[in-house]
Amino acid sequence: MPELPEVETIVRALRRSPTDEHLAADRRWPSLLGLTLRGAELGWERTLAAPSPAEFFARLPGQRVERIGRRGKFLRFDLSRGDTLLIHLRMSGDLRVEPAADARGRPLPLEPHDRAVFYFAEGVRLAFNDARKFGRIWLTDNPAAVLSGLGPEPLDPELTPADFYHRLHARRRLLKPLLLDQSFLSGLGNIYTDEALHLAGLHPLTLSHQVTPAAAARLLAAIRAVLEEGIRRNGASIDWAYRGGSFQNTFRVYGRAGQPCPTCGGTIERLLVGQRGTHFCPTCQPLPPN
């Protein structure tokens, strides 16, 4: 599943910020900023969470893309008539920007599993491909209604170590599932949680209310470090659902069960926590007594 760094990479590519030099030469991603929607089609209607298909098709045409951003794992497109287009890629979602027609003006064929396609007056299209059909799209004039349940952004400087410590102690939960809970902290998934816990030296089964202030500060710093490195490397590419990143080449523990820990040389182990495969080093991340 694309996590915060993968979604952030897509957002930056879609708006092609001049400061993102590593994206400047990537011709797969022409900027959508300032382009005008002329319509859309749905390959699978249930991809659209809201509104109804009829209202969706009626409201989109003529709207210009004014801003492209991210909230947690949601992509956010602010449109010119007050609407916001939200896309959540979920397990297998992917986006492509490509010409809508060939040199002779003939529509180009779509790919299998294209669930929604947005067409722009400037001759390009944005295709949402989702093999597993878990991804969702919203067109709304009240994005807060969709996003209100999300916790703070982990990279937000207003989230201080003290705030993070108090949030941990307000929940009496295991660290790994808590960090995956989007209402607690938005954007983390399995990969970056495992990597951050290892960097912070905390066992995934540690109880959140047992974390000391120093450990909470260390964990927040570790979360930010792995997310920032993931963004710098355009995310992690470990399967067909997301391509183009290189963070997988620097994994400390994720997917490395049975291999040596890069810190101590001990053997990395894997266990199931909340039905999620979890990787850790028992030497560097000892389980504290309950």
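Here the structure is a predicted model, which is why all the values come from computation and not from measurement.
- Judged purely by atom type and a 3.5 angstrom limit, Arg81 uses its side chain to pair as donor or acceptor with the backbone of Arg59.
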Side-chain polar contacts of residues 192-199 - donor-acceptor pairs under 3.5 angstrom, sequence neighbours left out - could you list them?
from: Tyr192; atom 1: OH; to: Glu6; atom 2: OE2; distance (Å): 2.7
from: Thr193; atom 1: OG1; to: Gly189; atom 2: O; distance (Å): 2.8
from: Asp194; atom 1: OD1; to: Lys176; atom 2: NZ; distance (Å): 2.8
from: Asp194; atom 1: OD2; to: His279; atom 2: N; distance (Å): 2.9
from: Asp194; atom 1: OD2; to: His279; atom 2: ND1; distance (Å): 3.3
from: Glu195; atom 1: OE1; to: Arg252; atom 2: N; distance (Å): 2.7
from: Glu195; atom 1: OE2; to: Arg252; atom 2: N; distance (Å): 3.2
from: Glu195; atom 1: OE2; to: Val253; atom 2: N; distance (Å): 2.9
from: Glu195; atom 1: OE2; to: Tyr254; atom 2: N; distance (Å): 2.9
from: His198; atom 1: ND1; to: Arg252; atom 2: NE; distance (Å): 3.0

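- Using a 30° and 60° split on the angle between ring planes, Trp138 and Phe74 fall in the tilted class, from 30° to 60°.
- Heavy-atom neighbours of Glu45 CD from other residues, nucleotides or ligands within 6.0 Å: at or below the threshold of 12.
- The distance from atom CD of Glu228 to atom CD1 of Ile223, rounded to the nearest 0.5 Å, is 11.5 Å.
- The nearest pair of heavy atoms linking Ile231 to Thr9 is O-OG1, 4.2 Å.
- When the ring-ring contact (aromatic ring centres under 6.0 Å, His included) test is applied to His113, no partner is found at least two apart in sequence or on another chain.
- Here the side chains of Glu98 and Val124 are not in contact, with every heavy-atom distance at 4.5 Å or above.
- Remark: Arg167 qualifies as a cation-pi partner of Phe184 under the 6.0 Å distance and 45° angle criteria applied to the six-membered ring.
- Separation of atoms CG (Leu60) and CZ (Phe57) is listed at 8.5 Å; rounding is to 0.5 Å.
- In this view, Arg218 and Ala200, Leu202, Ala215 satisfy the side-chain contact (heavy atoms from CB on, under 4.5 Å) rule, not counting sequence neighbours.
- Contact annotation: the side chain of Tyr119 never approaches that of Leu126 to less than 4.5 Å [non-hydrogen atoms, C-beta and beyond].
- For the pair Leu227 and Leu188, the minimum side-chain heavy-atom distance is below 4.5 Å.
- Side-chain contact check for Thr263 versus Thr283: every heavy-atom pair is 4.5 Å or farther apart.
- The line from CG of Asp130 to CG of Leu89 is 8.0 Å long, rounded to the nearest 0.5 Å.
- Phe77 has its side chain within reach of Ile87: a pair of non-hydrogen atoms, C-beta onward, lies under 4.5 Å apart.
- Panel note: side chain Arg64, backbone Leu35; no donor-acceptor pair is recorded below 3.5 Å.
- Side-chain atoms of Gln182 come within 3.5 Å of backbone atoms of Gly187 as a donor-acceptor pair (strictly under, hydrogens ignored).
- Proximity of Lys73 to Pro2: side-chain heavy atoms (C-beta onward) are nowhere separated by under 4.5 Å.
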